[in-house]
Number of protein chains: 2
Amino acid sequence: MPDGDVRTRTLRIATRLFADRGFDGTSLQDVADEVGVRKPSLLYHFASKDALRAAVYEQMLGHWNVALPRILRAATSGEDRFDAVLGEMIRFFREDSDRAKLILREVLDRPREMAAVMRLHMRPWIESVAAYIRKGQETGELHGDADPAAYVVNVVTFLISAIAVQQLLAPMPDEQVMREVLRMARAALFVPTPAPRARRSSR
Amino acid sequence: MPDGDVRTRTLRIATRLFADRGFDGTSLQDVADEVGVRKPSLLYHFASKDALRAAVYEQMLGHWNVALPRILRAATSGEDRFDAVLGEMIRFFREDSDRAKLILREVLDRPREMAAVMRLHMRPWIESVAAYIRKGQETGELHGDADPAAYVVNVVTFLISAIAVQQLLAPMPDEQVMREVLRMARAALFVPTPAPRARRSSR
DNA sequence: CCTACCGATCGGTAGG
DNA sequence: CCTACCGATCGGTAGG
């Protein structure tokens, strides 16, 4: 009935359970039950519960590293770079809604380790986006009082939190909330052009 | 040595542990050890571990209900209402840095229950702030394409996430990040005045 | 607020 | 990938 081999299924199911209930709130028995094997069988594929956690996060990091080139390509493809980059990021986190929850939980549960991962895997492109912002500030296209690095970090935090939290809380439709997230990020960065040639519609 | 009676100390310590390790990651034994009593003694004061969790969150809600009048007063006190309201909110969440983490964890762990609490305790003033925004939109002072309700929800989400996450991740000073959070929230709402009479310094 | 204790479940191992 | 089993710890109770 279920797709894939045990290792693949285990990763998929553990991802969902860790995202929904947290690492400490999920037992190996819970995972084994859904995978459809006995608990010791999981420990044949993953040396320990902690190894399973690590594998879940490494898989997500792998997906991120696949998505990253697309994001960077979007960042250098002429105009509308801003919307393109944020669009790709939103696509990544929405492709699997567990990703945002998983990251948020990891940040709360293992802040030191997560800070190290962030420095390693986010820093490079945070720096490059910040550099792009600084250029835009010199031409007056972007708000001069923005703090480029802090802005990028905040937008990423904002995006992940909004996605992780939205289906959970929203009495409001997701689309409405996400569209406003984008509008806010844009308005916080771009100086409104005094003579706009073609004002972007918000959809 | 430790201050307060057992009940008070238990609440304080449980708040810190739940914020740092999560509910499932904290055992009654952990709490008892730090309080300095035996585990069954905790269960004399709180009927169950879940009752302790409820008490921790109710205490925080109580603090919120104390802070709320100040926030609402700030919202109606003439000019600079925006900075005053956000300033009060930041003050609330920074007064005890566990609060933001605790809320974020509760949203992840018990989304349905948290959504109900939010509706009950946040909705009223979210609505009133949204109404204030709508008025500002009519006078052209505020961005007309902002979605007032979604904007308020997003700013609150943003604020809580940024505070919960900041000390954890930041290779950057907290102040720098929080100042940019405020700048972003402001720039996303206010239309820059064409002839500014007194441009607010960012500090 | 304590000692003594409970059944259930935890992550994990032995051995096949 | 299974059966059988382990010590440790879990939240919680009895009884004082």
Side-chain angles (χ1 to χ4, degrees), chain A residues 1-60 98 102 105-106 108-110 112-114, chain B residues 1-60 98 102 105-106 108-110 112-114:
Chain A
M1 183 80 81
D3 291 340
D5 59 18
V6 169
R7 195 170 194 284
T8 307
R9 270 183 293 146
T10 300
L11 279 173
R12 190 174 60 238
I13 287 162
T15 297
R16 201 186 72 242
L17 292 179
F18 288 168
D20 283 344
R21 312 178 189 173
F23 181 73
D24 290 317
T26 306
S27 70
L28 288 177
Q29 192 64 62
D30 292 337
V31 179
D33 287 347
E34 290 209 32
V35 173
V37 296
R38 303 291 177 175
K39 192 177 57 172
S41 305
L42 293 188
L43 293 163
Y44 166 77
H45 293 284
F46 303 92
S48 66
K49 190 189 179 187
D50 197 69
L52 175 56
R53 184 197 51 73
V56 163
Y57 281 95
E58 270 157 30
Q59 186 185 243
M60 189 175 58
D98 293 331
L102 225 35
R105 285 194 183 275
E106 189 78 345
L108 289 170
D109 288 344
R110 311 174 74 242
R112 287 166 177 272
E113 294 83 345
M114 199 58 176
Chain B
M1 183 80 84
D3 291 339
D5 59 18
V6 170
R7 192 168 197 284
T8 306
R9 270 184 292 146
T10 301
L11 279 174
R12 190 174 60 237
I13 287 162
T15 296
R16 199 186 74 240
L17 292 178
F18 288 168
D20 282 345
R21 312 178 189 172
F23 180 74
D24 291 317
T26 305
S27 69
L28 288 177
Q29 191 65 62
D30 293 338
V31 179
D33 288 348
E34 290 209 31
V35 173
V37 295
R38 303 292 177 175
K39 192 177 58 170
S41 305
L42 294 187
L43 294 164
Y44 166 77
H45 294 283
F46 303 93
S48 66
K49 191 189 179 186
D50 197 69
L52 176 57
R53 184 196 51 72
V56 164
Y57 281 96
E58 271 156 30
Q59 186 185 244
M60 189 174 59
D98 293 331
L102 224 36
R105 285 195 184 276
E106 189 77 344
L108 289 170
D109 287 344
R110 311 173 74 242
R112 287 165 177 272
E113 294 83 346
M114 199 58 177

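Convention: sequence-line order gives letters A, B, ...; per-chain numbering from 1. Every value quoted in this text rests on a predicted model; they were computed, and no experiment measured them.
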**OP:** Scan residues 41-51 of chain B against DNA chain C and write down, sorted by residue number, each residue with any heavy atom closer than 4.0 Å; if none is found, say none.
**Re:** S41(B), Y44(B), H45(B)

Original post:
Does anything in residues 14-23 of chain A reach DNA chain D, meaning a heavy atom under 4.0 Å, and if so which residues?
Top reply: none

**OP:** Could you identify which residues of residues 24-31 of chain A place a heavy atom less than 4.0 Å from some atom of DNA chain D, listed by residue number, or say none?
**Re:** none

Subject >> E58(B) side, atom CD; M60(B) side, atom CE - distance, nearest 0.5 Å >> reply: 11.0 Å

Subject >> For the student: nearest non-hydrogen atoms of A47(A) and A51(A), plus distance >> reply: N-CB, 3.9 Å

Original post:
Using a heavy-atom cut-off of 4.0 Å to chain B, what are the terminal contacting nucleotides of DNA chain D, in 5' to 3' order?
Top reply: dC10(D) to dT13(D)

Original post:
Can you tell me how far the OH atom of Y57(A) sits from the CD atom of E113(A), to the nearest 0.5 Å?
Top reply: 11.0 Å

Original post:
Under the side-chain hydrogen bond (donor to acceptor under 3.5 Å, both in side chains) test, which residues partner Q29(B), sequence neighbours left out?
Top reply: D33(B)

**OP:** Under the salt bridge (charged side-chain N to carboxylate O under 4.0 Å, His left out) rule, collect the residues that match up with D109(B), sequence neighbours excluded.
**Re:** R105(A)

**OP:** Mind checking salt bridge (charged side-chain N to carboxylate O under 4.0 Å, His left out) for D20(B) and listing every partner two or more places apart, or none if nothing turns up?
**Re:** K101(B)

Original post:
Any chance CZ of R38(A) has more than 12 other-residue heavy atoms, nucleotides or ligands included, within less than 6.0 Å?
Top reply: no

**OP:** Only counting residues at least two apart or in another chain, list the ones meeting side chain to side chain contact (heavy atoms under 4.5 Å, CB included) with Q59(B).
**Re:** L11(B), T15(B), H63(B)

**OP:** Compare every heavy atom of A19(A) with every heavy atom of L102(A), then report the nearest pair and how far apart it is.
**Re:** CD1-N, 3.6 Å

Original post:
Among pairs that include at least one residue of residues 40-56 of chain B, which meet side-chain hydrogen bond (donor to acceptor under 3.5 Å, both in side chains), considering only residues two or more places apart or in two chains?
Top reply: D50(B)-R53(B), R53(B)-E106(B)

Original post:
Can you tell if the side chain of L28(B) reaches within under 4.5 Å of the side chain of L52(B), non-hydrogen atoms only?
Top reply: yes

**OP:** Name all residues meeting the salt bridge (charged side-chain N to carboxylate O under 4.0 Å, His left out) criterion together with D30(A); count only those two or more places apart in sequence or in a different chain, and write none if there are none.
**Re:** R21(A)

Subject >> Pairs involving residues 3-34 of chain A, ordered by first then second residue, that meet ring-ring contact (aromatic ring centres under 6.0 Å, His included) (sequence neighbours left out) >> reply: F18(A)-F23(A)

Original post:
What pattern of brackets, bars and dots sums up DNA chain C from 5' to 3', given Watson-Crick or G-U wobble pairs under 3.5 Å, [ ] for crossing pairs and | for another strand?
Top reply: ||||||||||||||||

Subject >> Atom pair CZ (R9(B)) and CG (L42(B)), whose distance is rounded to the nearest 0.5 Å >> reply: 10.5 Å

